[in-house]
Amino acid sequence: MQSENVIAFAGEEEPAGLEIRVNFGVFAGRDATSAELEELGKLLVPEAGEVSIVGEERHEMAEDAEVVLRQVRVTIPPERVPDDSAERREFCERLVTLAEIWARQCINERHSEITEL
């Protein structure tokens, strides 16, 4: 079974909000800029009404490996997320699609070469 490369995906936020994660660094080879994060906000606010956006660098380490993740997290507060499961799914799909479009535009405009060390 082959896994598909995923740029953006949604996770549950307590107690029923929504979190969208964008694997930005995997595809862009760099961090998202402040201007790019602002552009993402401009895309999402008309749909969600309110968002929190964080560009982060995470280090996950074990004795024999280290991984650096550069991702973007978008959090939508619970009061902005529909209660109905079908509406919630559609809402989530719209926001994930917008995040994917944003990421692809950023990556196409400027990306760093990804190399293995």
Side-chain angles (χ1 to χ4, degrees):
M1 187 159 119
Q2 184 177 9
S3 71
E4 184 177 332
N5 292 331
V6 177
I7 290 183
F9 57 94
E12 293 295 321
E13 173 80 5
E14 292 299 321
L18 181 66
E19 182 177 270
I20 297 169
R21 297 181 189 174
V22 181
N23 290 323
F24 193 85
V26 171
F27 296 94
R30 62 179 179 83
D31 293 324
T33 67
S34 292
E36 289 169 333
L37 296 177
E38 288 175 17
E39 287 301 315
L40 176 58
K42 289 176 185 176
L43 284 174
L44 297 177
V45 166
E47 288 290 328
E50 180 182 340
V51 298
S52 172
I53 301 174
V54 176
E56 64 185 1
E57 177 180 288
R58 289 183 25 217
H59 294 254
E60 295 185 5
M61 298 174 221
E63 288 188 29
D64 59 345
E66 179 179 346
V67 176
V68 178
L69 300 172
R70 291 173 177 88
Q71 71 178 10
V72 174
R73 280 187 301 116
V74 178
T75 306
I76 294 89
E79 61 273 9
R80 297 289 185 169
V81 180
D83 291 327
D84 178 74
S85 63
E87 289 176 19
R88 181 183 179 88
R89 188 172 44 257
E90 288 176 24
F91 177 75
C92 179
E93 288 173 4
R94 282 194 314 272
L95 297 182
V96 167
T97 298
L98 288 172
E100 287 177 343
I101 290 167
W102 165 82
R104 290 180 193 282
Q105 288 174 340
C106 293
I107 293 163
N108 287 334
E109 288 175 10
R110 187 173 71 97
H111 69 278
S112 297
E113 292 301 318
I114 301 172
T115 60
E116 287 192 38
L117 299 176

- [ ] Could you name each residue pair satisfying salt bridge (Lys or Arg N to Asp or Glu O under 4.0 Å) that touches residues 59-69, not counting sequence neighbours?
- [x] Arg58-Glu60
Task: Inter- and intrachain pairs under salt bridge (Lys or Arg N to Asp or Glu O under 4.0 Å), touching residues 38-55, at least two apart - done: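 Only Glu39-Lys42, Glu47-Arg94, Glu50-Arg80 qualify under salt bridge (Lys or Arg N to Asp or Glu O under 4.0 Å).
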Task: ring-ring contact (aromatic ring centres under 6.0 Å, His included) pairs, two or more places apart, involving residues 78-104 - done: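 Every ring-ring contact (aromatic ring centres under 6.0 Å, His included) pair that includes a residue of residues 78-104, provided the two are not neighbours, is Phe24-Trp102.
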By side chain to side chain contact (heavy atoms under 4.5 Å, CB included), which residues pair with [X], not counting sequence neighbours?
| X | answer |
| --- | --- |
| Thr97 | Ile101 |
| Asn23 | Phe9, Val26, Phe27, Gln71 |
| Ala86 | Asp84, Arg89 |

Task: Nearest-0.5 Å distance that lies between atom CG in Asp31 and atom CD in Glu57 - done: 6.0 Å
TODO: Report the residues that fulfil side chain to side chain donor-acceptor pair (under 3.5 Å) with Ser52, sequence neighbours left out, ordered by chain and then residue number.
DONE: none
- [ ] Would you kindly confirm whether Val54 and Val74 end up in one hydrophobic cluster when ILVMFWY residues are joined by side chain heavy atoms under 4.5 Å apart?
- [x]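 Different hydrophobic clusters.
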Task: Listed partners of Glu56 passing salt bridge (charged side-chain N to carboxylate O under 4.0 Å, His left out), at least two apart - done: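 If we apply the salt bridge (charged side-chain N to carboxylate O under 4.0 Å, His left out) test to Glu56, skipping adjacent residues, the hits are Arg73.
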- [ ] Apply salt bridge (charged side-chain N to carboxylate O under 4.0 Å, His left out) to Glu79 and list each qualifying residue two or more places apart in sequence or on a separate chain.
- [x]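 With sequence neighbours excluded, Glu79 shows a salt bridge (charged side-chain N to carboxylate O under 4.0 Å, His left out) to no residue whatsoever.
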Task: Members besides Val67 in its Ile/Leu/Val/Met/Phe/Trp/Tyr cluster (side-chain heavy atoms under 4.5 Å) - done: Leu69
